[in-house]
Asker: 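Quick one: the structure is below, and I'll ask about it shortly.
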Amino acid sequence: MTAYLDPAKSVIISAPAGSGKTEKLSRRYLSLLESGSEIEKILAITFTEKAAAEMKDRILSIMRREKTGLFGKVREKIPLMRITTIHAFCRKLITRFALDLGLNPAVDVLDEFKARQLWTESVYDALREERENAGCFFEYLRHKGIKGWSALLGTLTAIHQKRPYTEFLLAGLPTKPDPLQPANPEEEQLLELYRRCFRIYQEKKRILGTIDFNDMEVLALRAITSNPQSLNILYAFDEHTDHILVDEFQDTNSVQWRIIDALTEEWRSGLGAKRAEGKTPTVFLVGDEKQSIYMFRGANVSVFQEVKQRFREWLGGEALYIEAKENYRSLPAIIHFTNTLFGHIMDASGDEPWKTTYSGFSPTRQGEGKVEVILFEGRENSKMTRTREAELVAGKIISLAGRGTPGPAAGQHCRYGDICILLRNRTHLASFETALRTHDIPYVVVGGIGFYDEPEVALLREFVSFLADPVDNFSLFVLLRSPLVGLSEAVLRDLLSGRESILFDTLRDSAAAVCRSAFELLEPFIARAAGVPLSILIEEFLTRTAGWEVFWERQRHANIKKFLGIIGGYEEQALSLPEIRELLVLSRKSNEAKANVNTESLDAVKIMTVHGSKGLQFPVVFLPSLDETPPSKAGAVCIDEVNNAVRFAYEEEACERTKQGLFILRKAKEAEEEKRLFYVAVTRAMDRLIMTGAVKNDCKGQTRVRGAFSFIEQSFPGSISERKGRDGVFSITGEAELATPGGAPGVSFSTEKAFFQEPVYTEKVPLPPGTESWVDVTEAVGHGKKKSADWSLLGSLFHRVFEGISAGGILPGDLEHAVEALIRKEVQAEKTAARYREIILADMRKLRNSPFFDEILLPAANSYTELPFVLRKGSAIFRGRIDRVVIRDGIARVYDYKTFPVREKEAGALARQYRFQISIYCEAVGKLFGTRTKGFILFTSRPEMIEVI
DNA sequence: AAGTATGTCATTTTT
DNA sequence: TGACATACTT
């Protein structure tokens, strides 16, 4: 038996990229089950929900495939599996013992936006006090005026962002003399001020009965260590848990480790009730210290190193430390490159637990693989350089995949979907998008926050929506609840329970002063909406509600300006207010939909950040912009953990920082993490790795090697510097190769996200003027808008129900609830809601009894819901969204739902009318998946299905 | 109206 | 160090 499966031993595994980490974790879990552990007594902890879902999935699929006996035995208990994120675990702990902890069991978790709002308020409260009582920052505030306020707010927020470390810092005051950082009265005063802000913040949260994300960890730790009830809580935990497994252990921060530490301390010390019973509880930690890339959110590599070292001390013969050596992911060339490179630059010889040591691993895959570096001459890190580079990458992609026919030999011709471009940041994303689009290369941008969902943009969208339609209760509700108007929950509840069905009327008639002033603020805007440009009204609204101050961060200002620009653009096209609103609604929907697009099986090049790529793998990986050096963190505040004690330093002068211990340490840690980030990027590649970047000679004719290029130069001396000043391709593993841009195919696919976010990231698609135009498929067909308002809303409700069912978000048994929730969101009037409910449920009942429900609607492998596409055909570019695609037996079946009532005789004629629409859908799907297609219309109210093509 | 000087700020993202 | 915006010249 493989050693790490031994259920009597605690294990810590250092599992490098591609060594089958999840597989090992799952096997361990199963071996614990097989050795007789009860499923509900095994606790597995991950850091993201996605990771938790993947692990559960993997365990169940192995069990179903290989261990049918076991599967049969535990089948009923599967819902009891405890595979959760650390935060969910903490939250459960807190709520379960809320009363013991002196908390309200119904405690709510603040979202980030609200938490920040509350924090800013707290700082202002504290600063006001400071000014009124002439505290030690009084002079500072008086001298520098408003600038001083925002500077202090920035500094205090920087400290605040280092939570939960900051809290330990406060708890540890006054600090002992520290050789790294001599005592500094200014720092102490600043911390004192921070302490006051923090106290106000805590109090505000207490009054609201909420906690924030940081509190979850801190409170959980307190619950099991410094609370009078700690022993009881630990005892209860112990009773319910025999084994703990932790995934991605290198991403653990100190608080999280302390939680796990406290929970398992008894086990490790060889004591405890379990041992007395003859049970051996175990800990199983898996991670790769070289993939620790989340320092900026508190992850601490030293934890992994320290635990690794002390594991044996704790457990003696019951402990196993395993270093996985095999790599199942990459071809030999890539592994050879990785071993040479990181063997050189990752070496923690000294006493620095935040550094990592690289030990080589060995390939298991047969074949060769290829690693290339493409250099071109250019100025470093300018927009021009990145645009050129994007062109180069696009050309290379065409030469790799442009013919579209997958070749037999790996690396010769691949699918677009095999290629991934990994970026360090999103700054130059636009350049890459433009390049791929102009070359008709299908691509998907994975991850990132949608512009329209940023809180400030979302709010302004609602403002526009409200102006377009003042009886839109939802928009008004959002406005009133927002920090710009700021009605309290209680007042809002009162308003909603009012008799009027129109919220705005209730607001007008309300006696409360806050409501009056809200009404007086909003009412004039409605009257003026007809004459005054929308962008001016929005700006005025922001000024009158102090919106610019609420959204004070630079990025938010930029977003607001961008939004104003978009609105301005619409107005130039002389669009009416309702039309603008419609467009905004569309753009939001496109954002919602992005989660539904299954990027994995979409044949499109993926673009994502290195951070986002963690845990994934791709046959071909592009790593552009290797000459870029990320700007080092410029903050005047530095909080860090040294030898298990939190340290704090504050220095306004940037050049002074280079001399101070804590700042030097931070810089060194950042440099180390930069290496690890490069490691993660490189190890995503399975068959082929292509790195690109610009080089330029300096005034003395020397090549300046910067960024990740310096890593390559160190381990392969001369590889970069000897090729100065000439564009060229070379392969580190040997032969040279030249990229030849190929011809462009006539179809271009993009996700709607990319399409609608054009105003945000990219310029318009450059097309020969006057020759082409964007056409909505339904627009070209000329249907879809004749239906009454009732049916267009009902139609969208139906579609959302179907989408929910297909995506698995709505279970057939839970249909009534889901429908109810959907209607509640869209319809306020009780009568209308009741009517809609009746129609939808009646139709759904009929549908469920038909074969179509199982065949089309239910989730299925190789199926897509609300699939967006863009198709060029002649001089028109069609865009649209396909209700459902199911690929079975090599045929892609395209379904379009028509939800309005249809008489028996009408169906055939209607189907003929929609023929063109469906034919476009089929063509797009055919190009996208490369399969034969069939097109169907499903009249859902009958229900009846007609094959159209 | 166009050109010039000055100032400010930069990445990664989960719960 | 460079991109971008704003303020100030000519």
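Note on naming: letters A, B, ... go to the chains in the order of the sequence lines (proteins, then strands), and numbering restarts at 1 for each one.
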Asker: Starting at atom CZ of A:R91, determine the distance to atom C1' of B:dT15, rounded to an integer number of angstrom.
Answerer: 11 Å

Asker: Are A:F304 and A:W257 close enough that their ring centres sit under 6.0 Å apart?
Answerer: no

Asker: Could you tell me how far apart A:D251 (CG) and B:dT15 (P) are, to the nearest whole angstrom?
Answerer: 12 Å

Asker: Measuring from the side chain of A:R424 (C-beta onward, heavy atoms only), which nucleotide among B:dT15, B:dT13, B:dT11 has the closest atom?
Answerer: B:dT11

Asker: Give a yes/no verdict on a cation-pi contact between A:R258 and A:F168, requiring under 6.0 Å between NZ or CZ and the six-membered ring centre and an angle within 45° of the axis.
Answerer: yes

Asker: What integer number of Å spans the P atoms of C:dG2 and B:dT11?
Answerer: 16 Å

Asker: Expressed as a whole number of angstroms, how long is the span from A:E628:CD to C:dA3:C1'?
Answerer: 13 Å

Asker: Nearest to the side chain of A:H611 - B:dT11, B:dT13, B:dT14?
Answerer: B:dT13

Asker: Tell me whether the side-chain N/O atoms of A:R426 come closer than 4.0 Å to OP1 or OP2 in B:dT13.
Answerer: yes

Asker: May I ask you to verify if any side-chain N or O of A:T609 is less than 4.0 angstrom from the OP1 or OP2 atom of B:dT13?
Answerer: yes

Asker: Between P on B:dT12 and CD on A:E673, what's the gap in Å once rounded to a whole number?
Answerer: 14 Å

Asker: Taking atom P of C:dA5 as reference, at what distance in whole Å does atom CD1 of A:I560 sit?
Answerer: 16 Å

Asker: So is A:R676 actually on top of A:Y679's ring, under 6.0 Å and inside 45° of the axis?
Answerer: no

Asker: Atom CG of A:L219 and atom C1' of B:dT15: how far apart are they, to the nearest Å?
Answerer: 15 Å

Asker: To the nearest Å, give me how far apart CG (A:D627) and C1' (C:dG2) are.
Answerer: 14 Å

Asker: Classify A:E49 by what it touches in the nucleic acid, base, sugar-phosphate, or nothing, heavy-atom distance under 4.0 Å.
Answerer: sugar-phosphate

Asker: Applying a 4.0 Å non-hydrogen cut-off, can you work out what A:F213 is touching in the nucleic acid: base, sugar-phosphate, or nothing?
Answerer: base

Asker: Are OP1 or OP2 of B:dA10 and a side-chain N or O of A:T427 less than 4.0 angstrom apart?
Answerer: no

Asker: Would A:F47 and A:H87 count as a close aromatic pair, with their ring centres under 6.0 Å?
Answerer: no

Asker: Applying side-chain contact (heavy atoms from CB on, under 4.5 Å) to A:L43 and A:L245, what does each step give before you reach the verdict?
Answerer: CA-CA 6 Å; A:L43 172 68; A:L245 298 89; over 6 Å; no

Asker: Rounded to whole angstroms, how far apart are CD1 on A:I211 and C1' on B:dT15?
Answerer: 11 Å

